[in-house]
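Lettering of chains follows the sequences in order, A, B, ..., and the numbering in each one begins at 1. Keep in mind it's a predicted model, so treat the numbers as computed, not measured.
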Amino acid sequence: MKTKPDQEMLMAYLYDELTLQQRADVERYLEEHAEARAELQALQNVRNRLHAVEDKEVIAPSFIFPDEQARKSSLWCTDFMKVSLGLAAGLALFMATLSLVGTRVSWSEGELVIRMGEPKSIAQPAESLTASHVQNMIDQSLQQNNEVWKTELAANQARLDQSVKSALAVNSSRMDRLVQVAATASEAQVRQFATDLQDRNLAAMKDYMKLSSNEQKVYIENLLIDFSKYLQEQRNQDLTMFQARMTDIEKNTGQFQQETEQILASIISSANPKTKFTSY
Amino acid sequence: MMQTDALVLQARGGDRHAQGKLMQLWYKRIYNFGYKFFFDHDLAMEVAQKTFISMHRNLPHLQEVGRFKSWLYTIAVNNCREELRRKQSRRTVSLGETPGSGPLRIETPHRHENPEHQLRQTELSDLLQQCLLELSEEQRTVVIMKEYEGFKFREIAEALNISENTAKSRLYYGLDGLKKILEQKNLTKESFGYEN
């Protein structure tokens with residue numbers, strides 16, 4: 001081989017996938033070209049190093065493959081059946097939901113009505129009222145009220161009359177008894193009654209005066225005691241003040257005496273030098 | 001592969017037991033494809049689950065039994081692309097799990113080895129996964145299919161509905177890109193400990 005083998009040829013040689021003739025040609029070239037030999041050796045070294053990568057040991061998981069043939073041959077597994085069953089199930093669910101909520105569908109006079117639950121009675125609007133109807137209703141109501149008032153008033157009047165009559169009857173009977181008793185009393189009895197009355201009044205006055213004099217006595221005694229306490233206190237205070245004044249006077253007197261002595265001493269001392277001076 | 005062909009024939013006729021067996025047979029491969037694509041357990045589980053559900057639904061339409069593998073990976077790649085679009089639109093970060101964690105993942109291949117070596121190996125594996133994530137989606141898909149799933153170029157072209165040369169070209173640029181990424185990350189021969 002005259003020309004350098006290309007990359008593909010070198011790879012096939014490296015992995016021993018050349019024909020005998022090709023292999024011989026490449027080997028001849030490599031014998032003649034050291035650089036090509038070195039290049040191939042370098043690639044072989046890489047291969048050798050790659051052998052250091054080891055396979056990892058793994059345990060194959062136990063898959064359970066479904067029976068595909070049986071699955072595919074089943075009518076229930078066809079797409080059409082799946083879609084149909086899905087739609088049917090959805091429709092059934094929808095119908096069940098409608099029946100549960102009590103849905104009613106009706107068509108009448110070109111109107112479609114979908115209703116949930118029983119229809120509710122709708123209150124009919126009242127007939128239109130005129131002013132005369134309203135006035136009549138007011139008049140009737142007033143008339144009824146008047147009748148009721150009259151009835152109640154009559155009943156109350158009757159009860160009041162009855163009460164007055166019964167009260168007058170009781171009072172007049174009492175008055176009659178009193179007049180009868182007064183009419184039957186004699187002059188002596190009247191005097192006796194007046195005497196008793198005076199005696200009771202006199203006794204009451206005495207008691208009052210007695211009680212009143214006792215209270216006044218207690219009050220005056222308390223007043224005298226308080227006044228004597230006040231006088232005693234005032235006396236004590238005056239004595240204390242008098243003693244304090246006397247002490248002050250004594251102090252002032254002593255001080256005055258001392259000052260006087262000092263003044264006299266200074267006068268005497270000032271008089272003596274003059275005497276000495278005059279002796280010269 | 002003969003077992004797969006027989007199971008596909010039975011499953012295509014509606015045999016659920018055969019479909020279950022097919023899933024048991026291919027689940028780990030599809031999960032790991034998704035895991036390497038996303039470096040995420042949950043997304044890988046999602047892709048695997050969707051892929052086998054799709055397989056169950058569409059298997060009767062599979063014309064050629066011999067094309068089952070590329071057909072299945074076509075579904076897986078489409079699911080990966082769909083999840084990638086969804087993930088990019090969401091732009092969320094999982095707070096609960098770190099990449100690579102998950103309830104069904106069992107780290108058993110080296111459990112009897114030196115724990116230090118095992119830890120180093122896991123870190124290296126994660127680093128390379130991150131390097132893979134830096135490739136474009138097209139290059140990453142081809143690299144994973146070729147390097148880890150053992151596809152021929154013809155099968156890749158068939159599954160991705162591209163030409164063989166396109167598949168080879170994507171693989172070339174993918175490997176070249178990985179070489180540069182590894183150099184950037186300073187992953188030298190010593191890091192791997194077994195260079196030729």
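The distance from atom CD of A:Glu39 to atom CG of B:Asp176, rounded to the nearest 0.5 Å, is 7.5 Å. Remark: B:Leu171 CG to A:Glu8 CD distance equals 10.5 Å, nearest 0.5 Å. Atom CD of A:Glu54 is separated from atom NZ of B:Lys36 by 9.5 Å, given to the nearest 0.5 angstrom. Taken to the nearest 0.5 Å, the CD atom of A:Glu17 stands 3.5 Å off from the NZ atom of B:Lys146. Distance CG/A:Asp55 to OG/B:Ser125: 9.5 Å, rounded to 0.5 Å.
Contact check for B:Tyr35 versus A:Val58: no side-chain heavy atoms found under the 4.5 Å cut-off. Residues A:Tyr15 and B:Glu147 have side chains in contact (heavy-atom distance under 4.5 Å, counting atoms from C-beta outward).
Heavy-atom minimum distance, A:Pro61 versus B:Tyr27: CD-CZ, 3.2 Å. A pairwise comparison of heavy atoms in A:Lys56 and B:Asn32 identifies N-OD1, 2.6 Å as the closest pair.
Heavy-atom contacts from other residues, nucleotides or ligands closer than 6.0 Å to OH of B:Tyr173 number 12 or fewer. Other residues, nucleotides and ligands contribute more than 12 heavy atoms inside 6.0 Å of the CG atom of A:Asp238. For A:Leu20, the CG atom is loosely surrounded, since the number of other residues' heavy atoms within 6.0 Å does not exceed 12. The 12-atom threshold is not exceeded at CD of A:Gln162, counting heavy atoms of other residues, nucleotides or ligands nearer than 6.0 Å. The 12-atom threshold is not exceeded at CD of B:Gln63, counting heavy atoms of other residues, nucleotides or ligands nearer than 6.0 Å. Other residues, nucleotides and ligands contribute only 12 or fewer heavy atoms inside 6.0 Å of the NZ atom of B:Lys21.
Formation of a donor-acceptor pair under 3.5 Å by the B:Tyr148 side chain with backbone atoms of A:Leu50 is found in this model.
Residue with the most contacts toward chain A among B:Arg29, B:Lys168, B:Arg154, B:Gln129: B:Lys168 (heavy-atom pairs, distance under 4.5 Å).
Looking at B:Asn165, the atoms closer than 4.5 Å to chain A (heavy atoms on both sides) sit in the backbone and in the side chain alike. Of the atoms belonging to B:Lys152, heavy atoms from both backbone and side chain fall under 4.5 Å from chain A.
Tested against A:Val46 for a side-chain contact (heavy atoms from CB on, under 4.5 Å), the candidates B:Leu128, B:Leu175, B:Ile181 yield a single pass: B:Leu175.
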